[in-house]
Structure formats: C-alpha cells, structure tokens
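So the structure is just underneath, and the comments pick up after that.
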Amino acid sequence: MDLPFDLITELERVLGRSAAAAGLPEDFSPDLRPADPRFGDIQANGVLAAAKAARANPREWAARLVEVLRADPEVAGRYEVSVAGPGFINFALTPEALLGWLRGFGSEEELSRAAGDLYRGRTWVVDFASPNTAKQMHVGHLRSIVVGESLCRILAFCGAAVIRDNHLGDWGTPYGKLFYAYRRFLDPERLKADPLEELERLYRLADEKSKQDPEVMEEARRELVRLQSGDPESLKLWEEVNRLSIEALEEIYQALDVRFDHYLGESFYRDKVEPVCEELTRLGLAEESRGALVVFHPEHPRFATQPFIIRKSDGASNYATTDLATMVYRVENLKADGIVIVTDSRQSDHFEQLWLTTRKWFEKTGRPLPEFQHVVFGTILGEDGKAIKTRTGDPIKLKALLAEAVERARQVVREKNPELPADEVEAIAAAVGLGALKYADLSQNRTSDYTFSWDKLLSFDGNTAPYLLYAVTRIRSIFRKAGVDETALDVGAATPPETEAERALARKLANLAPVVRQTVTSLRPHVLCTYLYELSGVFSSFYNADRVMVEAPEVRARRLLLCQRTLLVLEAGLHLLGLKTLRRM
RNA sequence: GCACCCAUAGUUCAAUGGAUAGAACAACGGCCUCCGGAGCCGUCGAUCUGGGUUCGACUCCCGGUGGGUGCACCA
C-alpha cells in the first residue's frame, strides 16, 4: 500500500470532494491536524465551526461526512473513521496503512524528496551569524549561528534552494579607532597567536584613549576618512584585518559544522547605498528631518514619529541604508523568493521599519516582493536569571564556551565508557558536547530567553542531545548485535504492527510530515526537537516492552523495520538541527 | 511616556482556538535470568489578575500587576 508522505495534506483533498458529496457548504474547511493519540492519528475539527455557522447540528453533519468518507477509496482500508464528542471526526490509520507508510521512506534522500514538495523551486536567503570583524565572538553570537544553520538545513530539506549569507559588520566607524591603534601599538607576536584577541585589544585601547584625548579621537576620524575615501594603503590594511577575521571566524564555524555561501558584509554594499537614498527621496518615501534623511510610517503607532534614518546628518549612510541595499541585492541578484534574517529580538524595531520601508519602496518600483521573516530570539541567561556573563562581568567568549562543552562531555564519556579508544573519545566528546550546546538552544522556543545550565544540557535524562544521541546508538547497537545491515533491510518481510508499543511507534513515525511542515513554516526548530524527543520516548517504551530479536521471522522483521525507520527519522532530524550522530558513545 | 516580547507544577520547559494542559529535574514507589539501566513503568503537583469574544480560550480582544527589551543619527 503506497501512502503519501504528508497524510494530512492528502486527506485535505479527499475531504474537499467528500464534503461536497455530503452536502456540506462549498467553502467547508476541514481543519485537519495531528490528533491526540487517544483518539486517532488525524482529527478534523472543521465540522463544528461550519455547522455552527449554518445553525446545523454538527454531529449530524459529521455523520454524513463520515459515511461518504468511508466509501472513498483513499480512505477505506487506510483509516478507521469515527465521530466523537460534539462533532470531531477522527481518523485512525489501520495497521496495514501504517506498514505501508513505513515501507515508503527508507532513506534521508527519500524523506527529503517527499518533503521537498513544500518549498521546491523557491530560493531562500538566510542571513545569520553576522558578527563584526576584528572582534571575538561571544555567547551572544551563538543563537544566531545555531538557529540559522538549522533553518538552512530545514529549508533545504523542504526543497528550497538555500543561500547562506554572513552579513558581516566589516565597515564603519570602529575601523578608524582600530587603525589608529594598529599603526602604533600592534604586537605582531600576539596577532599571530590569536588575531582577534589582538585586534580586539587594539580597538579597546584606542577606544579608551579616544575618550580621554580629543587628539586621538581626531586621528581616528582621519583614519576612517582615509579608509572611506578609498586610500589604497588603508584599504590594504582593511583587507588584511578582514582576512584574519574571516579565517578566525571560520575556525569556529567549522567546529560547529556551519558553512556559508557568501560573506557579503556591509562593505559589499558601500557603493550601493546612494541609489537607495535617491530612489526613496524621489518616490516621496524619505524626507529631511533634523538634517538627516529619514522614512516615517504615518500609519504606524510608533514609526509615525520614530524615524528610520537612512542618511545621517553628516551625510554618511548607516546600517538602515546598507540593509535596504541588501534587500535589493537579494531580490535582484540572488533572486530570493524568501529572506530570513536571524538576530536577537532587540533589533525588532529596526527590521520592522526595514520591512515597512521595503514593501512600499518595492511596490512603487515594481520590484518583486519577497517573503520576509525576521527570526528573533531571546537572550541566554545565567542561572541568576540575568544575561550570562563571566565572573568578571565580561561576555563569555564563544571559543571558550565550545571548549568547555567538549571538555565536559569528554569527562562524562570517559567515565561512562572507559574502554573506548582515545581518538573515538574525542569524536564523541565533540559530537556530544557541541550537540548538547546546540540542542539546548534549539529545543526551546527561540523567542524566549533561556536559562543556561551545563548540568541540564549535558544530562542524559529529558529533552537533551545526549538522550537523543543515546537513542541513536542504542538502535545501532541492536543491528550490530543482530548482525543485520540496517541499510539493507528486507522491508517486504515485515508484517503490520500489532502490539500496542509497535503501533504507538509506527504512528509517531508517520506523523513526521506535519511536524516538518510546522517547523519550516514557523521557522521554529523546537517543534522538531519536541517531536524527536517524543519519538525517542516512544521508541524506548517499545524497546522495553517488545524484544526485537525474537525467533518468529515476521515479528522480527517488522520490529527491525520499526527500529530502522526510527533510526532514520532520528538521525535525519538531528542532522536537520545541525547535530552529528554517533554509532556508539 | 510610547511600542514590542514574556508570565504555565517547587524548578527548567511544551501545548497551529479543540476533547482529561504534556515532559524533564526534584520528591516518593516499582522493573535487574532482558537486544547498552546513559533505560522503562507509576504517584504527587500548574495556566499572574479582572473582564470580554466563542459551541469551545494557556492560546484571541480590552484593562491591571510583575519582569525583559527597544525608542534620532552605533550595528
């Protein structure tokens, strides 16, 4: 029995024609969703609202609809259909249908091909990470990197052509100060040892000096002017700083298994901002205010008076200008149908103004309007409930955080599994430590702040990476022990799920599609995390209740199939989150 | 002052307007002739407050209270 990947989308079509046949209104919306397992696999709630609107009896409508549905070839044999409560319609997959679905998708490629119906043919630009050059990354950069990478993978899984863009802060006023100090106080040894550390030291030095000494401030300003006016020597230095910065950033990205297609930072747009101001002025969207060029949005409660400044009173552009130029570039050159920008929630005002402005601007100029999503996230809090800091009050360096994650994981692995060879311990420690760090971030609704706790994120209990990674290794262990190659399973030998634990597991697996759909449309990876955690739980219960390696060949075959598909979905899901999975740990 | 976000068990978190609000930690009690006990099963325990909309509200609307964030030339 061939079943579609996304059962709900399929069933929606069936309900469309069935509703008409049952005499329900033209515009009937079935309102399908995954059901509480107590009631079935899928539930339709739409009858309640529709009947209410028509002042009809919902139970009677539901009964009529069910009668038509039961006769439908795409329903009969696949679902047990029933009416419950005030007019809910419940669909429970038959064991044969569950088996059919399980057989259908046997690899990550097959899953992705099926999920690819969602965004196929569409191009999405994902703008994430976006640190400043000449500075070390700290904890504050972690969420954008982790969430952004995961969203890229999920969008690609769903068929989109994804362009990963790191919109570096690589231009602007800090360079004046940095160059001032670079020319006077550079320590070449330190630069060699840790470029970002040294560049950061130089910047801080200049920043302090400039606060005390107006002469220094003036010199820094001259440095900036030299750079911005294209002085070759300044540009050379700028390029050098950039090169060192990107190299250092990439070291960390590599450790985190994150990559970019472009590093189109602010500097890339510096010759593209003039037309922005011209166009917006010509179109009457921008106006002069207090010497600056700004955009107001009269229809908005706040942006009617809070300006979006696109040219400062000194004539220079700012990040509003470059961001507007960036919107154009992404639509016209990168052909983006969708744009995702991943930053913390403090920049919400800016991006709301950016989008309001872009919409009006693009409409007036006939440019295609992309889908725009500002993906915001909250702050990482320490256990004191305040933004996480070191004891001395400085931000925690990202490099140090990653190292600590790996070190802590290493200790646990050594303790739990002392006989593993050293190099494997390292690989496991990296996968577990960095995975735990990422997962802690992803598993929580990104819009809220989250409380950071090493104990919690490295725990083997609860919704954590170690628990999920463990579930993966345990399944692999079954295949190892049984001497069965999990990639070459005889799926034809399996019989439909029978025991309660088997059925629960099969149903959970078959619910993957709506979870992926919800994750990608809401751009919230925690939806996927919750599902994977629940799946692991259901698997563990199954594993505890039903022995896999039994004598009866058909029972064994179907349990091996369940194991293999669970392994597949778990690994595929963890990979979408940016985690590496393990064979043993 | 204006705007945005948040408020759910003792704690950390879930719950696209649907049926009895789910987990984990902590506490307590079970399961070791069993494929990895890093596990499984169970008990106890919560929607900040007052209105409203709805057949149905943790969810939507209005008013409070308590926290976070942002608001003219940094990004």
Side-chain angles (χ1 to χ4, degrees), chain A residues 31 33-36 38-39 43 45 48-49 51-52 58 84-88 90 130 132 167 169 171-174 266 289-294 300-303 305-314 316-320 322-323 343-350 352 376 378-379 381 383 385-387 412-413 415-417 440 443-445 447-453 455-456 459-464 466-467 469-471 473-482 514 517-518 521-522 524 526-527 529-530 533-534 537 540-550 559 563 584-585:
Chain A
D31 188 18
R33 66 189 61 202
D36 185 314
R38 285 172 299 186
F39 306 122
Q43 60 177 289
N45 299 338
L48 274 86
K52 179 72 189 171
F88 298 110
N90 291 323
S130 308
N132 292 322
H167 193 76
W171 197 248
T173 47
E266 283 159 12
S289 174
R290 299 190 206 171
L293 188 64
V294 309
H300 193 278
R302 204 152 29 86
F303 303 140
T305 54
Q306 183 181 319
F308 190 49
I309 299 171
I310 61 171
R311 191 169 60 210
K312 301 191 286 182
S313 51
D314 67 2
S317 59
N318 63 359
Y319 83 135
T322 50
D323 278 359
T343 78
D344 72 279
S345 55
R346 286 178 304 197
Q347 296 190 49
S348 296
D349 276 4
H350 168 74
E352 198 180 343
V376 301
T379 312
L381 305 177
E383 307 211 35
K386 304 208 163 143
V412 180
V413 174
E415 180 196 322
K416 302 269 187 194
N417 223 340
S443 60
Q444 231 159 105
N445 191 340
T447 52
S448 342
D449 295 346
Y450 96 83
T451 310
F452 188 91
S453 156
D455 286 345
K456 227 152 240 167
S459 166
F460 295 92
D461 298 307
N463 190 4
T464 66
Y467 177 83
L469 293 172
Y470 172 69
T473 58
R474 201 169 39 174
I475 300 173
R476 288 201 172 278
S477 169
I478 295 169
F479 285 102
R480 212 163 33 234
K481 197 108 178 181
R517 179 155 35 83
Q518 203 192 333
T521 54
S522 65
R524 284 189 308 193
H526 87 278
V527 173
C529 293
T530 303
Y533 175 55
E534 287 169 356
S540 288
S541 300
F542 155 76
Y543 171 86
N544 229 264
D546 296 336
R547 198 178 161 72
V548 177
M549 298 314 294
V550 292
R559 290 187 182 163
C563 287
R584 53 179 193 169
M585 62 190 273

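Reminder, nothing fancy here: chain letters follow the sequence lines and each chain counts from 1. Owing to the predicted nature of the structure, the values given are computational and were not obtained by experimental measurement.
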key: Contact under 4.0 Å: A:Lys456 side-chain N or O vs B:C13 OP1/OP2   = no

ask   = For A:Asp323, which contact category applies under a 4.0 Å heavy-atom criterion: base, sugar-phosphate, or nothing?
value = nothing

request  = Could you run through RNA chain B and flag its stems, i.e. three or more consecutive Watson-Crick or G-U pairs with both distances under 3.5 Å?
outcome  = B:1-5 with B:67-71, B:10-13 with B:22-25, B:27-31 with B:39-43, B:48-52 with B:60-64

task = Give one of base, sugar-phosphate or nothing for A:Ala84, where a contact means two heavy atoms less than 4.0 Å apart.
result = base

query = Picking from A:Leu469, A:Asn463, A:Thr464, what satisfies side chain to side chain contact (heavy atoms under 4.5 Å, CB included) with A:Tyr467?
reply = A:Thr464

query = Using a distance-only test with no angle check, is there a side-chain donor-acceptor pair under 3.5 angstrom linking A:Ser540 and A:Arg474?
reply = yes

request  = Mind checking A:Thr451 for me? I need base, sugar-phosphate or nothing, with any heavy atom below 4.0 Å counting as a touch.
outcome  = sugar-phosphate

task = For A:Ser443, report the nucleic acid contact type (base, sugar-phosphate, nothing); a contact means any heavy atom under 4.0 Å.
result = nothing

Detail all sub-3.5 Å separations between protein N/O atoms and N/O atoms belonging to nucleotides 2-6 of chain B.
residue: B:A3; atom: O4'; partner: A:Arg302; partner atom: NE; Å: 2.9
residue: B:A3; atom: O2'; partner: A:Arg302; partner atom: NE; Å: 3.0
residue: B:A3; atom: O2'; partner: A:Arg302; partner atom: NH2; Å: 2.4

ask   = With sugar-phosphate meaning primed atoms plus P, OP1 and OP2, does A:Asn45 contact a base, only sugar-phosphate, or nothing at under 4.0 Å between heavy atoms?
value = base

key: Phosphate OP1/OP2 of B:A24: any A:Thr464 side-chain N/O under 4.0 Å   = no

inquiry  = Among B:U12, B:A72, B:C35, which nucleotide has an atom closest to any side-chain atom of A:Lys481?
reply    = B:C35

N/O to N/O distances under 3.5 Å, protein versus nucleotides 37-41 of chain B:
residue: B:A38; atom: N6; partner: A:Met585; partner atom: O; Å: 3.0
residue: B:G39; atom: OP1; partner: A:Phe460; partner atom: O; Å: 2.7
residue: B:G39; atom: OP1; partner: A:Asp461; partner atom: OD1; Å: 2.4
residue: B:G39; atom: OP2; partner: A:Asp461; partner atom: OD1; Å: 3.0
residue: B:G39; atom: O2'; partner: A:Arg474; partner atom: NH1; Å: 3.1
residue: B:C40; atom: OP1; partner: A:Tyr467; partner atom: OH; Å: 2.9
residue: B:C40; atom: O4'; partner: A:Asn544; partner atom: ND2; Å: 3.3
residue: B:C40; atom: O3'; partner: A:Ser541; partner atom: OG; Å: 3.4
residue: B:C40; atom: O2'; partner: A:Asn544; partner atom: OD1; Å: 3.4
residue: B:C41; atom: OP1; partner: A:Ser541; partner atom: OG; Å: 2.6

task = Name the closest nucleotide to the A:Gln444 side chain, picking from B:A14, B:C35, B:A72.
result = B:A14

ask   = Between B:G18, B:C73, B:G70, which nucleotide gets closest to the side-chain atoms of A:Lys312?
value = B:C73

message = Once side-chain hydrogen bond (donor to acceptor under 3.5 Å, both in side chains) is applied, do any residues pair with A:Arg547, and if so which ones, sequence neighbours excluded?
response = none

request  = Establish, with yes or no, whether the OP1 or OP2 oxygen of B:C74 is under 4.0 angstrom from a side-chain nitrogen or oxygen of A:His350.
outcome  = no

message = For the residue pair A:Asn445 / A:Thr447, report whether a side-chain donor-acceptor contact shorter than 3.5 Å exists.
response = yes

request  = Mind checking side-chain hydrogen bond (donor to acceptor under 3.5 Å, both in side chains) for A:Thr473 and listing every partner two or more places apart, or none if nothing turns up?
outcome  = none

request  = Kindly indicate whether the side chain of A:Thr173 and the base of B:C74 share any N or O donor-acceptor pair separated by less than 3.5 Å?
outcome  = no

ask   = The side chain of A:Arg290 lies closest to which of these nucleotides: B:A72, B:A23, B:A19?
value = B:A72

ask   = B:A19, B:A24, B:A72: which one has an atom nearest the side-chain heavy atoms of A:Phe39?
value = B:A19

Listing time: all N or O pairs from protein to nucleotides 53-60 of chain B that are below 3.5 Å?
residue: B:C55; atom: OP1; partner: A:Lys52; partner atom: NZ; Å: 3.2

